[in-house]
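Reviewing the structure listed below.
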Amino acid sequence: MTELMDSLVDRIRGAASVLDYLSLLFCLHYLHNAATDRFETLAARARAVRSLDEAAQLLRDIGRETDEDMRGRGVHSSMQEALGRLEPRTARDLRSVVDAMSRLDEDVFGLILDEYEQRAALGSGEFFTPRPVVRLMTRLACSEFGPGKPESVYDPYARDGGFLIEAVAACAVDDNGLPRENPVRTYGEAWRADTWRLATMNLLLHGVSPALDLKRSVPWNDSSERVPPGSFDIVLTNPPFNMSDPGREQRREGQWAYGAPPLDNDNFAWVQHCLSKLRKGGRASIIMPNKAGNSGHKAERTIRRNLVESGVVDCVVALPAKLFTSTAVPVSVWLLRHPDDPCDSTLFLDARSMGAKDGSRRALSALDAENLLGAYRARRSLGETAPPLGTPTAERQIVSAIVSREELQRSDYSLNPLDHVAHQKDEADNNERGFESAWERLRRAESHLREVQNTAAQLSFVTNRGPLPQRIWPASMHSLDSLCQIQAGPSYSRLGKAQRSSGGPIPVVFPKHLRARYITDAQDERVSEETARRLRSFELWERDIVCVRSGAIVPPALVQEHQAGWLMSPNVIRVRVLEGHRNRVLPEYLLYFLCLDESVAWMQDRAAATAAPSLRTESLGSLRIPLPELTEQQEIVTALNGLDELDRAHQTVAASLRHTRAALADTLLGSSSEFAPNTPPHHRFEKEASL
């Protein structure tokens, strides 16, 4: 999966969208599981593909075979069109994709989405709901239904269809534990054609009838009778919510049982739409931004008051931040009930500290979801007499509060869990856990340093291993432009501020992104796929070297594998080894030479010599490069790489040591330290390691 979601993404899609590439993976996965004979025929053809024309035809045929099979199941899709937009660089790349998908036998639909979300959010701002959150919301909504029920489920913003799939799985058996005679009736609505295709395929792969409509307008403005009021036992959704403060004016159109929402904010329109579709006894589970829970807007406060007074707000669960790729906005799950089955209080559960860090995001585990579900059931079944949450069966304590209707009135009808749930944490225990964690981090850093030191000691030219090379440089000197293609970035008229934004899918590399011979991944300058396609000649490839063209001259950087497909800005120069010299020049060797202090000073001198300080490609091309044999270049690169890794390992140990010192100071000197008069502080800890 890592192979599929790394450099192959850009090598296969070309100017097409990442979703088109995902469509290829999903088509192959679908055929592999739902139409094995078709897949085997296509896989055999893939192994024999040798030209780009053959690869393009194979892509069209994969899409056509998928469309035909889905059409036979009553679903009309357009996968052939999506796959026809892909532009693989080589036939070998397509063979690699088909081969990798043939080796993934298990259900990997959700895993592909997870891996994709690790890489980037959809260019449209669309994203998928993490599966543990889907499971939690579904189980909460189904918790008060007996076996064999509920009978129907609805998702008005279906994304990948995950809620419908999970609901069918949660209600799959009857009272006797046997498969239900009448399966759950499902219906969903999607707003984008590309995600509609993916969701439909996902539903088919999981054996769920894909009753999924592609909509063009918000559901509360839909005049059709496809979803009349009171149609469903369960409503589950993660709608697109608004984070900007709403305007003052209320909307005048529509029927709003709890009050008209603001004109330019749909948060409470979604809430009321979900409630309106519930049958008597039904439950709705919906994701909402925390800000909606205590917004000061008059219309939203009125709606919250009416929701509380009607007894429809059963539970609110505060989720950890950074669960979703495209937003770090804190959100909650609102569990709502039909107004004919009201509750006199609202349960608030605080899960903000749950989950584990996963790159730049946090992820709830399946155990986290089960613990939250257990906490809900315990408090709702026993009320205030329930045992304290966070019993030995739970991995972590879940702080909660049951708030009566009267208390909610006094809080101005706030439904933000942070206004009701207070953390009761033992600072001393937290400090001690932090200190233990800091020690463990330091031990790992020191262990890694020892491993790197042992490896570096074996490298050529390091710690006196082998003599330094003796050569007469002029005999093996070459100009840089004789070895490489040197190209400046596009002009400002072609790639200026008007063409860039922070929300496009394709990053643009500026001088400020060159740091310590690397290009930083924190890209704040991006362009649309259309712009990238128009400027394709300025695309970066893996192992290209990027130099500063205008501005402060800093050492160049090497393009990493995952950065292939990014664009040059007008302020940089691309250095790419010529095709005919790739068997005698290592780009990494060139990079290290260009990063020498004397090389950087040489470039700075040439840039300063121009009227407007900038480095011309002709000047850079005249730089003389010593070129030893390829084996010696490799030895040099390996030695310098090894010392770079040793440098990073030393820095990690130093940072870990500072962290440990701070944790120890907090533990011994912080406000929570309450040592007995005759008890030395160090007796509180039994540590084998020492500084």
Side-chain angles (χ1 to χ4, degrees), residues 7-18 21 52 85-90 93 120 123 480-481 483-515 517-579 581-582 587 590-591 594 603 607 610 612 614-621 623:
S7 62
L8 279 173
V9 177
D10 294 325
R11 295 186 65 82
I12 291 292
R13 72 184 179 97
S17 73
V18 178
Y21 175 77
L52 286 178
R85 291 191 288 266
L86 298 173
E87 300 173 357
R89 290 185 185 174
T90 66
D93 291 332
L480 187 62
D481 59 8
L483 304 172
C484 302
Q485 176 201 63
I486 303 174
Q487 180 174 345
S491 65
Y492 283 99
S493 62
R494 301 184 69 186
L495 186 57
K497 289 185 178 180
Q499 289 81 30
R500 304 193 308 268
S501 70
S502 60
I506 310 299
V508 181
V509 177
F510 281 79
K512 64 182 179 180
H513 299 131
L514 308 189
R515 296 286 186 274
R517 298 188 295 276
Y518 289 93
I519 300 171
T520 63
D521 283 343
Q523 296 300 323
D524 51 354
E525 300 280 358
R526 293 173 176 267
V527 296
S528 66
E529 292 176 351
E530 180 182 355
T531 300
R533 185 163 53 248
R534 179 166 47 81
L535 300 175
R536 193 168 184 179
S537 60
F538 301 99
E539 183 182 74
L540 294 171
W541 294 358
E542 182 187 358
R543 300 176 79 196
D544 280 350
I545 298 171
V546 179
C547 303
V548 176
R549 177 188 183 188
S550 58
I553 302 296
V554 298
L558 193 71
V559 177
Q560 303 301 304
E561 185 178 18
H562 70 280
Q563 296 166 337
W566 293 10
L567 281 185
M568 308 160 58
S569 73
N571 311 71
V572 301
I573 296 175
R574 183 185 67 203
V575 177
R576 178 180 295 164
V577 175
L578 292 168
E579 185 76 33
H581 290 296
R582 290 184 182 174
L590 289 179
L591 173 75
L594 293 173
M603 289 185 278
T610 62
S614 65
L615 182 62
R616 299 174 59 201
T617 57
E618 294 83 358
S619 298
L620 182 60
L623 178 62

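Heavy-atom basis, side chains included; hydrogens, waters and symmetry copies ignored.
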Open item on the list: Please give me the minimum heavy-atom distance between Pro505 and Glu529, naming the atom from each residue.
Closed with: CG-CG, 3.5 Å
TODO: Looking only at non-hydrogen atoms, find the nearest pair between Pro587 and Arg543 and report the distance.
DONE: CD-NH2, 3.2 Å
- [ ] Without swapping roles, check the side chain of His581 against the backbone of Leu578 for a donor-acceptor pair under 3.5 Å.
- [x] no
- [ ] Search all heavy atoms of Cys547 against all heavy atoms of Leu620 and return the closest pair with its distance.
- [x] SG-CD2, 4.1 Å
Task: Rounded distance [0.5 Å steps], CH2 in Trp541 versus CD in Glu561 - done: 15.0 Å
Task: Heavy-atom closest contact (Leu615 atom, Ser619 atom, distance) - done: CD1-CB, 4.3 Å
Open item on the list: If we count only N and O atoms by modelled type, under 3.5 Å, do the side chains of Gln487 and Arg576 hold a donor and an acceptor together?
Closed with: no
Task: Residues Arg89, Glu539: salt bridge by 4.0 Å N-O rule - done: yes
Task: Thr617 side chain vs Ile486 backbone, donor-acceptor pair below 3.5 Å - done: no
Open item on the list: Test side chain to side chain contact (heavy atoms under 4.5 Å, CB included) on Val575 and Leu591; report intermediate values, then the result.
Closed with: CA-CA 10 Å; Val575 177; Leu591 173 75; over 6 Å; no
- [ ] State whether the number of non-hydrogen atoms from other residues, nucleotides or ligands found under 6.0 Å of Glu530 atom CD is greater than 12.
- [x] no
Open item on the list: Nearest 0.5 angstrom please: Ser569 OG to Tyr492 OH, how far?
Closed with: 7.0 Å
TODO: Would you check if the side chain of Arg515 reaches a backbone N or O of Lys512 as a donor-acceptor pair within less than 3.5 Å?
DONE: yes
- [ ] Measure the CG-CG distance between Leu86 and Asp93 for me, rounded to the nearest 0.5 Å.
- [x] 12.0 Å
- [ ] Give the minimum heavy-atom separation between Trp566 and Thr520, together with the two atoms involved.
- [x] CZ3-O, 4.0 Å
- [ ] Return yes if some donor-acceptor pair links the side-chain N/O of Gln560 with the main-chain N/O of Ile519 below 3.5 Å, else return no.
- [x] no
- [ ] Apply side chain to side chain contact (heavy atoms under 4.5 Å, CB included) to the pair Leu535 and Leu495, showing each step before the final yes or no.
- [x] CA-CA 9 Å; Leu535 300 175; Leu495 186 57; 4.0 Å; yes
TODO: Evaluate the side chain to side chain contact (heavy atoms under 4.5 Å, CB included) criterion for residues Val509 and Met568: first the C-alpha distance (whole Å), next the side-chain angles of each, then the deciding distance (0.1 Å), finally the verdict.
DONE: CA-CA 5 Å; Val509 177; Met568 308 160 58; over 6 Å; no
Open item on the list: Given 3.5 Å as the limit, does a donor-acceptor pair link the side chain of Arg549 with the main chain of Pro570, or not?
Closed with: yes
- [ ] State, with a plain yes or no, whether a side-chain heavy atom of Ile545 is found less than 4.5 Å away from one of Leu594.
- [x] yes
Open item on the list: Closer than 4.0 angstrom, basic N to acidic O: yes or no for Arg11 and Glu87?
Closed with: no
Open item on the list: If you define the side chain from C-beta out and look only at heavy atoms, does anything of Ser528 sit under 4.5 Å from Gln499?
Closed with: no
Task: Minimum heavy-atom distance between Leu567 and Ala532, given as atom pair plus value - done: CD1-CA, 3.9 Å
Open item on the list: Please report the interatomic distance CZ(Arg13) to CG(Leu8), rounded to the nearest 0.5 Å.
Closed with: 12.5 Å
Task: Trace of the side chain to side chain contact (heavy atoms under 4.5 Å, CB included) decision for Leu558 with Arg517 - done: CA-CA 6 Å; Leu558 193 71; Arg517 298 188 295 276; over 6 Å; no
Open item on the list: Nearest 0.5 angstrom please: Cys484 SG to Arg574 CZ, how far?
Closed with: 11.5 Å
